Amino acid sequence: MTGNNENDQRLDQRPARHRRDKAVQRRRVLIGGGTVALAGGLAAAGFASADTSTTTTDASTSTETSTTTVTTDASASATSSVCTLTAEVTEGPYSLDGALIREDIREEKEGVEVQYTFTVVDQDNDCAPLADALVELWHCDALGEYSGFVGKNGHTEDDDGTFLRGGVLTDSDGAASIVSIWPGHYVSRAVHVHMRVHTDVTLADGTYTGGTLVHTGQLFFDADLNEEVQATSPYSDNTTAETSLGDDTIYDDGGAASGLLTLTALGSDVSDGYTATLTVGVSTS
């Protein structure tokens, strides 16, 4: 970002370690037979298929949001024989080390609640659920500002360096749940969330040390639902230009395999919030 504008790809001047090798951005692997046995552990999170198509019910002109779900089709079920590695992309310029271990990362930030549930699976172990992996998220607030970097999107607010950042360990089923808000937007990027998955971390004093980074990715939101959210307060106070999902420089229209979340409304109004689910395929080797 130059001045008050940020471009996660072109203007990131941080060291090269923050870039992901293009050769592994769209890795795919076909697993035969054994994936069927994972139905119980993966069904809740919407298993990602390489041939997945994403659909949505248009709720922009009705009150039927309570039944609006953005889902993958039947070919993306847990009984599919296709195991997909989630796309590896840049972590961007706003990452920080030492995330707090916590399920609720909102702190005092206002916005539409999002209840995330991820199922992390290991491609190198026949896509078995990956237990005790740290799933870490961070994203901007409703005004497009990141903690630790407030002011980059042109707004003045308190900056404690920790809001909308944190992570939790997966359970024995590979599941991890985190509560946050729907992100705002900033110039040059569509609305998104950053994610890292670590293995073998050591927990101490409410944070973590060590471990191995096995996934760096980004999460994306259905364009129609995002338009509704961004039109509400406090998002509407952000007057910076917004980039559409179709014009984003990171998202490649790959659906769940590229980090597109499955969203389900928690009520009849946008302000009631959403659940967001995704199966995250990682490689531990």
Side-chain angles (χ1 to χ4, degrees), residues 42-48 52-73 76 86 102-120 135-144 163-168 175-186 189-195 217-238 242-246 248 251 255-280:
L42 302 181
F47 192 69
T52 292
S53 62
T54 301
T55 59
T56 180
T57 300
D58 185 0
S60 61
T61 58
S62 73
T63 58
E64 297 177 354
T65 310
S66 60
T67 58
T68 299
T69 306
V70 183
T71 61
T72 55
D73 64 18
T86 305
R102 55 184 181 173
E103 184 174 352
D104 191 332
I105 66 174
R106 291 174 293 181
E107 295 187 8
E108 301 299 320
K109 287 297 177 180
E110 297 182 353
V112 173
E113 181 175 324
V114 180
Q115 300 175 3
Y116 296 94
T117 299
F118 304 103
T119 298
V120 182
V135 177
E136 175 191 1
L137 301 184
W138 71 97
H139 61 83
C140 68
D141 66 9
L143 297 181
F163 65 75
L164 305 179
R165 297 179 184 271
V168 297
S177 297
I178 297 175
V179 179
S180 190
I181 63 170
W182 196 291
H185 65 272
Y186 52 95
R189 287 301 316 280
V191 170
H192 63 282
V193 171
H194 297 267
M195 166 186 275
Q218 295 185 24
L219 310 173
F220 299 93
F221 298 78
D222 174 72
D224 292 336
L225 294 181
N226 178 65
E227 183 177 358
E228 294 186 51
V229 171
Q230 300 297 320
T232 65
S233 179
Y235 301 92
S236 56
D237 294 332
N238 182 4
E242 182 177 358
T243 298
S244 68
L245 184 63
D248 190 68
Y251 182 68
S258 297
L260 187 66
L261 295 160
T262 295
L263 301 166
T264 303
L266 289 171
S268 60
D269 190 84
V270 172
S271 62
D272 293 327
Y274 294 86
T275 64
T277 59
L278 186 71
T279 293
V280 182

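Since the model is a prediction, treat every value here as computed from it, not as a measurement. Values below: every heavy atom of this structure, side chains too, minus hydrogens, waters and symmetry copies.
With contacts defined as side-chain heavy-atom distances shorter than 4.5 Å, the pair V135/M195 qualifies. The side-chain heavy atoms of L278 and F220, taken from C-beta on, include no pair separated by under 4.5 Å. A 4.5 Å side-chain heavy-atom check between V193 and F221 finds at least one atom pair inside the cut-off. T275 has its side chain within reach of L266: a pair of non-hydrogen atoms, C-beta onward, lies under 4.5 Å apart. Taking the side chain as every heavy atom from C-beta outward, L225 and W182 approach each other to under 4.5 Å.
Every residue two or more places apart in sequence or in another chain that forms a salt bridge (Lys or Arg N to Asp or Glu O under 4.0 Å) with R106 is listed here: D104, E113. The side-chain contact (heavy atoms from CB on, under 4.5 Å) check on S244 picks up D247, with sequence neighbours excluded. Not counting sequence neighbours, Y235 has no partner by the ring pair (Phe, Tyr, Trp, His ring centres under 6.0 Å) test. D272 meets the side-chain hydrogen bond (donor to acceptor under 3.5 Å, both in side chains) test with no other residue; sequence neighbours excluded. Every side-chain contact (heavy atoms from CB on, under 4.5 Å) that E103 has, sequence neighbours left out, goes to V168, S177. Considering only residues two or more places apart in sequence or on other chains, E227 meets the salt bridge (Lys or Arg N to Asp or Glu O under 4.0 Å) condition with none of them.
Note: Q218 CD to D248 CG = 7.5 Å, rounded to the nearest 0.5 Å. Residue Q230 holds its CD atom at 4.5 Å from CD of E242, rounded to the nearest 0.5 Å.
Shortest non-hydrogen contact noted between I178 and G166 is CD1-O, 4.4 Å. A231 approaches S236 most closely through the heavy-atom pair O-CB, 3.8 Å. Heavy-atom minimum distance, H192 versus H139: O-CB, 3.8 Å. Minimum heavy-atom separation, K109 to I181: O-CG2, 3.9 Å. The nearest pair of heavy atoms linking G184 to C140 is O-SG, 3.5 Å.
Between the E136 side chain and the H194 main chain, no donor and acceptor come within less than 3.5 Å of each other. The backbone N or O of A190 sits nowhere less than 3.5 Å from a side-chain atom of Y186 that would complete a donor-acceptor pair. For D141 (side chain) and L164 (main-chain N/O), no donor-acceptor pair under 3.5 Å exists by modelled atom type.
Screening L219, V112, V191 against P183 for a side-chain contact (heavy atoms from CB on, under 4.5 Å) leaves a single residue, V191.
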Stepwise side chain to side chain contact (heavy atoms under 4.5 Å, CB included) check, Y116 with I105: CA-CA 11 Å; Y116 296 94; I105 66 174; over 6 Å; no

